[in-house]
Each structure stands twice: as C-alpha cells, then as structure tokens.
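Only one structure is covered here, and it is reproduced in the block below.
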Amino acid sequence: MNDSFYLTTTLPYVNGEPHIGHALEFIQADVIARYKRNKGFTTYFNTGTDEHGLKMYQKAGEENLSPQEYVDKYSQRFKDFCKSFSISYDRFIRTTDEDHIKAAQTFWNKSLENGDIYKKAYTGLYCVGCEEFKTEKDLVDGKCPDHNKEPEEHSEENYFFKFSRYQEPLLDLYKKQSDFVKPASKLQEMISFVGGGLQDFSISRRRENLPWGISVPNDPDQVMYVWFDALVNYVTTIGYGTNEKEFEKWWPVVQLCGPDNNRFQSAMWQAMLMSAGIKPSKHILIHGMILAEDGTKMSKTIGNVVSPFELLETYGAEATRYYLISGIPTFGDSSFSHDQLEMKYKADLQNNFGNLLNRVITMINKKEVDTSESLISESFKSEVLNLKARYTEHMDSFDLFEAMKNAQKLGSYGNVYITEQEPWAKDKTEEEITETLSGLEYLLNELIELYSPVLPDACEKAKSALLKRENIILFPELEIA
RNA sequence: CGCGGGGUGGAGCAGUGGUAGCUCGUCAGGCUCAUAACCUGAAGGUCAGACGUUCGAAUCGUCUCCCCGCAACCA
C-alpha cells in the first residue's frame with residue numbers, strides 16, 4: 001500500500017507582496033496537507049518562490065538592489081506569510097536554490113536527449129528600450145507604450161520545446177483520467193486548447209537580454225526562460241536528479257494552481273514531464289479567483305486588493321483561514337466579503353462550535369459525570385459517523401468547501417441533541433444524563449478532528465480544554481476597528 | 001455572431017428533467033446548560049425575459065437583455 005502523499009502549490013513570482021490569491025492557494029494546500037497527515041499519510045508539502053526572469057532583474061534595479069538581494073527580500077515576505085498563517089510546508093523551495101538549478105539542467109538534458117529541444121531563429125519585434133521582444137498585443141499604435149518607440153525587427157536564435165509533439169499524448173491523458181484537472185470545466189478548457197493544435201514554444205533567451213536565470217547546459221550564451229526552470233521545482237524538491245529513491249517515493253504530485261495557470265500546469269508541464277520520461281502529475285486542482293467586494297477583478301492599479309497581512313491584523317490567522325476555506329467555494333470564483341467573513345466567524349465558530357464546546361464542558365463539570373463511550377446510543381453514534389463520512393468523502397476529492405459544510409452540520413446536530421435531551425431537566429436520571437453527555441463529548445472530539453486541518457490552533461486548545469474539562473472561550477469577540 | 005463564466009426569496013450561495021433548498025437576516029414562540037448564545041415554527045421566490053421541446057423545465061433548445069473574466073499587476 002502506498003501511504004505517501006505529495007502536494008505542492010504553484011510557486012508565486014516574487015515581484016511583489018503576497019496577496020489574497022496566494023493566501024487562498026497556500027491555505028487550501030495547507031488544509032489538504034494537514035488532513036492527509038491526520039489520516040496517517042506520510043506527507044510532503046512543497047511551496048516556495050519563483051525568482052528568475054527579466055522582470056526580477058528590472059525590479060531589483062528600480063529598488064537599487066542586486067537581483068539576489070531583491071529576491072531575498074520578497075521571498076522572505078512569503079515566508080513571513082507562511083509563518084503567520086501556519087502554513088505547514090515541508091520545504092520552501094526557491095528557484096535560486098543550488099539543487100534546483102542542477103535539477104533544471106538535468107531535466108533540460110533529459111528532454112534534449114529525447115529530441116524535444118532544438119535551436120531555431122526567432123524573428124520578432126524587439127524594443128531596444130525594454131530589451132525584450134514584443135507581441136502585437138503589447139503595442140499601442142505600433143509603438144512600445146513604455147518607450148513610445150517603434151520596435152525593430154530582430155532575429156535571434158533560441159531553444160524551442162517540441163510542444164506540438166505532445167498533442168495526442170496530452171489528449172489521451174485527459175481522456176483516460178477525467179478528474180486529472182479539477183473542476184471538470186477546466187479540463188474541458190484544456191481539451192479544447194490542446195485539441196486546437198499546439199505550437200512549439202521558446203524556452204531560452206540570450207544571456208545578454210536575460211542576465212538573471214539558469215544557464216542552458218553547454219551553451220553559456222543562453223539562459224532558460226523563467227517558467228521552464230520554475231516548473232521543474234515540483235520534481236527538484238523531492239530529489240529529482242539527486243535522490244532517485246526519494247523521488248520514486250513521492251511522485252506523482254497533486255498540484256494546486258490558479259485559473260490563469262491552467263495551461264502551464266495541465267498542458268505544458270505535463271508535456272515536459274512526458275519528454276523527460278516522468279509520469280504525469282496525479283491531479284491539478286484549480287481554485288477560483290477571489291474578486292473584489294463588488295464582483296470585479298482585484299487589481300493593483302485600481303487599488304482594491306485585499307492584503308492577507310491586513311486580514312491577519314483584523315481577524316487573526318484562524319478566522320481568515322476558516323473564511324477562505326469555508327466561506328468561498330473551493331473551485332469557483334467568488335467575491336471577497338468582510339461581512340461574510342465576520343458572519344461565518346460568528347455563526348460557525350463562536351456559536352455553533354465554540355459555544356457548544358463550552359456548554360458541554362460546563363455541564364459535565366456541574367453534573368460530575370463519568371463519561372464513557374460505551375454508554376452512547378447506536379443511533380446517535382451512527383448519525384455522527386455518517387456526517388463524518390460525508391466530510392471525508394468531500395475531503396478526499398479535495399472539495400474543502402463541501403466538506404466543511406458537514407462539520408457545521410455535525411455542530412448543529414450536537415446543539416439539537418442537547419436541546420432535545422435536556423440534561424438540565426430535573427426529571428432526568430443520572431444514567432440518562434451520563435449517556436447524553438458521553439455522546440456530546442464523543443461528538444465534540446469528532447468535530448474537533450474535522451475542524452483541525454483548518455483551525456489547527458483553536459482545535460488544539462479545544463482538545464485540551466475538553467480533556468481537562470476547563471471552560472474556554474475558544475473564539476473571542478472580534479475587535480473590529 | 002471572437003471565447004468562457006454567470007443572472008434563483010432582503011444578502012450570499014446549492015440545485016442540470018419529476019412536489020424550489022442551505023447559511024445569514026426578519027417575525028413569532030420555546031429553553032436556560034452556554035460566548036445575548038441554543039432549539040422550534042413562520043413570512044418571503046411567476047428560478048433575468050420571450051418562444052419552443054416534453055406528460056412534466058430553474059434544469060434541454062433558440063432568441064433577447066444585463067453583469068463579469070479572457071489585454072496589464074496577478075492565484
């Protein structure tokens with residue numbers, strides 16, 4: 001039996017601060033990782049930062065930093081984020097890491113040996129000011145908008161990847177594994193994209209144009225184009241090229257990514273893997289896009305972006321985690337809403353869960369009962385286990401949003417049960433009260449388990465409070481300025 | 001006709017052929033163990049509009065209107 005589980009996020013490009021979209025992806029991944037660990041899987045959870053490329057080089061210049069200093073600075077911001085939000089990664093990989101650079105070159109060579117990398121002259125419109133090729137779409141009135149200059153026709157030799165060769169194998173992969181990409185609509189997108197025909201794409205740049213990148217093996221004038229190197233991190237991190245045994249243990253991977261990254265992860269990367277003789281990924285999970293409160297896209301230009309660090313300050317890590325998992329559909333777009341966040345916190349965490357915990361602990365203490373699992377009625381127990389099973393089913397298919405609904409239902413069931421049983425009523429016998437409270441204690445322990453991937457901190461406190469029978473305000477009133 | 005997503009009670013969302021459902025809010029009642037919490041019940045929707053297919057449509061088809069994304073920062 002294979003009890004290992006390997007999960008990764010996409011590596012964000014470190015040309016700015018972490019934003020809410022990164023938060024969503026990292027937290028989703030963390031919840032899955034914690035869930036799998038709880039279930040007994042040996043889990044490897046990878047995340048990190050993508051740090052090469054021209055943009056990085058230019059941005060560093062703008063801030064008067066060397067490229068390395070620049071990426072160090074922003075990579076650290078992502079690490080800070082992970083720490084603040086309890087992201088339990090096993091490795092935080094940086095594409096500037098030594099082992100990654102080696103692995104990217106090994107991967108390149110493998111693909112080259114397989115005949116999928118070739119050199120070709122590329123002719124295009126080149127803006128001298130930007131020192132980069134422009135496409136028609138980049139231009140305004142035929143001119144580069146940044147330099148107000150017409151780009152020149154320019155030709156250079158670059159390496160290309162034979163993407164076109166993988167059309168059939170990719171379609172085959174999509175056909176054979178209908179849940180390869182989730183949700184199904186995103187798989188459909190790939191089927192029509194790949195089915196429409198594939199063009200080979202350029203995977204290197206001349207070093208003089210792109211000084212910040214990984215060298216192409218045996219060609220000092222060329223560096224790898226950023227994302228070719230970036231994608232390889234998913235195999236680097238588990239020992240590709242350095243530790244085959246370790247690699248075999250973990251591969252294939254379950255990957256999370258944003259909707260705009262579908263092509264890279266589900267098509268190009270899969271073709272690259274085939275080229276290097278590696279099995280495809282296990283799943284590509286595509287989360288939704290978080291929109292601004294008014295339903296439009298968040299954008300730095302408009303200035304309506306929500307910062308996870310602000311949410312941390314206002315609501316704390318656990319409430320934010322809970323909202324991102326339980327308040328918005330796992331695979332669908334949805335607007336960010338402060339009201340919704342506060343509502344979920346209050347209704348689900350303070351009232352449904354925290355209050356239930358507290359009232360049960362109080363009553364156990366007051367009645368001085370000795371609870372025991374053997375006293376619980378079968379019908380009660382099976383109802384609890386039934387809700388747990390539905391939770392598990394959704395978690396196993398990575399639908400965190402649907403899974404959490406069943407945790408909420410379990411809490412409600414506890415609240416209904418306690419009202420129906422009235423353990424405080426004077427005509428209740430000691431046996432009856434003991435049975436009721438044993439059941440509730442059992443339910444709470446299960447509930448804590450279901451919530452623990454999302455609320456690791458609160459659940460640990462809850463567990464200990466229940467064990468020691470100490471009253472506790474698990475979710476205090478939010479102090480909102 | 002560029003492509004795609006969407007328009008469901010006050011708000012946010014489920015629901016892809018067979019009596020319209022969930023959370024919040026509102027109203028009424030109950031309970032008192034608890035973080036003014038918890039439980040029960042009620043009101044509230046011609047499922048954007050029109051036509052069509054069907055014994056039967058929110059769900060399928062055609063057309064119309066409206067919102068959003070696909071170009072930039074970016075998950």
Side-chain angles (χ1 to χ4, degrees), chain A residues 9-13 15-29 55 59 135-140 145-146 183 185-186 188-189 192-193 196 256-262 264-265 285-303 305 308 324 326-329 332-337 339-344 346-367 401-402 404-405 408-409 411-425 428 433 436-437 440 471-477:
Chain A
T9 68
T10 308
L11 304 194
Y13 204 49
N15 59 350
E17 289 280 317
H19 57 66
I20 187 95
H22 300 124
L24 174 70
E25 183 169 322
F26 278 49
I27 291 169
Q28 282 188 353
K55 202 164 282 165
K59 284 264 188 177
T135 63
E136 294 288 337
K137 291 181 220 153
D138 294 328
L139 304 175
V140 179
D146 294 336
S185 59
K186 297 292 178 190
Q188 203 46 50
E189 220 174 272
S192 49
F193 166 61
L256 278 80
C257 80
D260 49 355
N261 237 301
N262 194 2
F264 286 105
Q265 311 298 336
L285 308 178
I286 306 195
H287 59 250
M289 182 78 94
I290 298 185
L291 308 169
E293 299 232 21
D294 61 2
T296 58
K297 207 171 172 180
M298 283 192 192
S299 124
K300 281 182 196 167
T301 326
I302 298 171
V305 289
L324 289 176
S326 180
I328 67 176
D333 294 352
S334 119
S335 301
F336 178 84
S337 157
D339 289 349
Q340 197 77 8
L341 192 160
E342 284 164 33
M343 189 268 275
K344 294 291 283 181
K346 197 171 174 137
D348 296 351
L349 301 183
Q350 289 188 300
N351 300 348
N352 189 302
F353 179 27
N355 181 51
L356 176 66
L357 175 73
N358 212 30
R359 64 198 294 211
V360 169
I361 290 174
T362 304
M363 211 159 339
I364 289 176
N365 284 333
K366 256 186 198 165
K367 305 286 181 187
F401 179 73
E402 285 300 321
M404 292 309 289
K405 282 186 183 169
Q408 290 142 27
K409 279 184 191 161
S412 294
Y413 181 63
N415 278 311
V416 171
Y417 183 71
I418 196 170
T419 304
E420 280 173 353
Q421 297 301 315
E422 301 182 305
W424 52 82
K428 294 289 166 190
I433 292 170
T436 301
L437 294 178
L440 287 162
N471 277 85
I472 183 171
I473 298 293
L474 206 51
F475 300 99
E477 207 55 38

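For the numbers below, each heavy atom of this structure counts, side chains included, while hydrogens, waters and symmetry mates do not. Here the structure is a predicted model, which is why all the values come from computation and not from measurement. Here is the naming used below: chain letters follow the sequence lines, and residue numbers restart at 1 for every chain.
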From [atom1] of [X] over to [atom2] of [N], roughly how many Å is that when rounded to an integer?
| X | N | atom1 | atom2 | result |
| --- | --- | --- | --- | --- |
| A/Glu402 | B/rG21 | CD | P | 18 Å |
| A/Lys346 | B/rC24 | NZ | C1' | 12 Å |
| A/Asp260 | B/rA72 | CG | C1' | 13 Å |
| A/Lys344 | B/rU23 | NZ | P | 10 Å |
| A/Lys186 | B/rC3 | NZ | C1' | 12 Å |
| A/Ile328 | B/rG12 | CD1 | C1' | 13 Å |

Classify [X] by what it touches in the nucleic acid, base, sugar-phosphate, or nothing, heavy-atom distance under 4.0 Å.
| X | value |
| --- | --- |
| A/Asn261 | sugar-phosphate |
| A/Pro12 | sugar-phosphate |
| A/Leu474 | base |
| A/Ile290 | base |
| A/Phe475 | base |
| A/Leu356 | nothing |
| A/Gln340 | sugar-phosphate |
| A/Lys55 | sugar-phosphate |
| A/Lys366 | sugar-phosphate |
| A/Gly288 | base |

Between [N] and [M], how many Å separate the two [atom1] atoms, rounded to a whole number?
| N | M | atom1 | value |
| --- | --- | --- | --- |
| B/rG52 | B/rC68 | P | 32 Å |
| B/rG25 | B/rU64 | C1' | 35 Å |
| B/rA34 | B/rC39 | C1' | 13 Å |

Considering only [options], which nucleotide approaches the side chain of [X] most closely?
| X | options | value |
| --- | --- | --- |
| A/Thr362 | B/rG69, B/rC33, B/rU35 | B/rC33 |
| A/Val416 | B/rU35, B/rU40, B/rC33 | B/rU40 |
| A/Asn358 | B/rC70, B/rA34, B/rC68 | B/rA34 |
| A/Pro329 | B/rG69, B/rA14, B/rC38 | B/rA14 |
| A/Met343 | B/rC38, B/rC70, B/rC24 | B/rC24 |
| A/Ala347 | B/rA34, B/rA37, B/rC24 | B/rC24 |
| A/Lys297 | B/rA72, B/rC33, B/rC38 | B/rA72 |

Please report the interatomic distance CG(A/Leu285) to CD(A/Gln265), rounded to the nearest 0.5 Å.
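These two atoms lie 11.0 Å from each other.
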More than 12 heavy atoms from other groups under 6.0 Å of NZ on A/Lys346
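For A/Lys346, atom NZ is not crowded (no more than 12 foreign heavy atoms under 6.0 Å).
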Using Watson-Crick or G-U wobble geometry with both distances under 3.5 Å, which nucleotide pairs with B/rC24?
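Result: B/rG10.
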Measure the shortest side-chain to side-chain distance between A/Lys405 and A/Glu402 over non-hydrogen atoms and say whether it is less than 4.5 angstrom.
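They are in contact (side-chain heavy atoms under 4.5 Å apart), so the answer is yes.
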Less than 4.5 Å apart, side chain to side chain, heavy atoms only: is that true for A/Glu420 and A/Val416?
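Heavy-atom side-chain distance check passes, below 4.5 Å.
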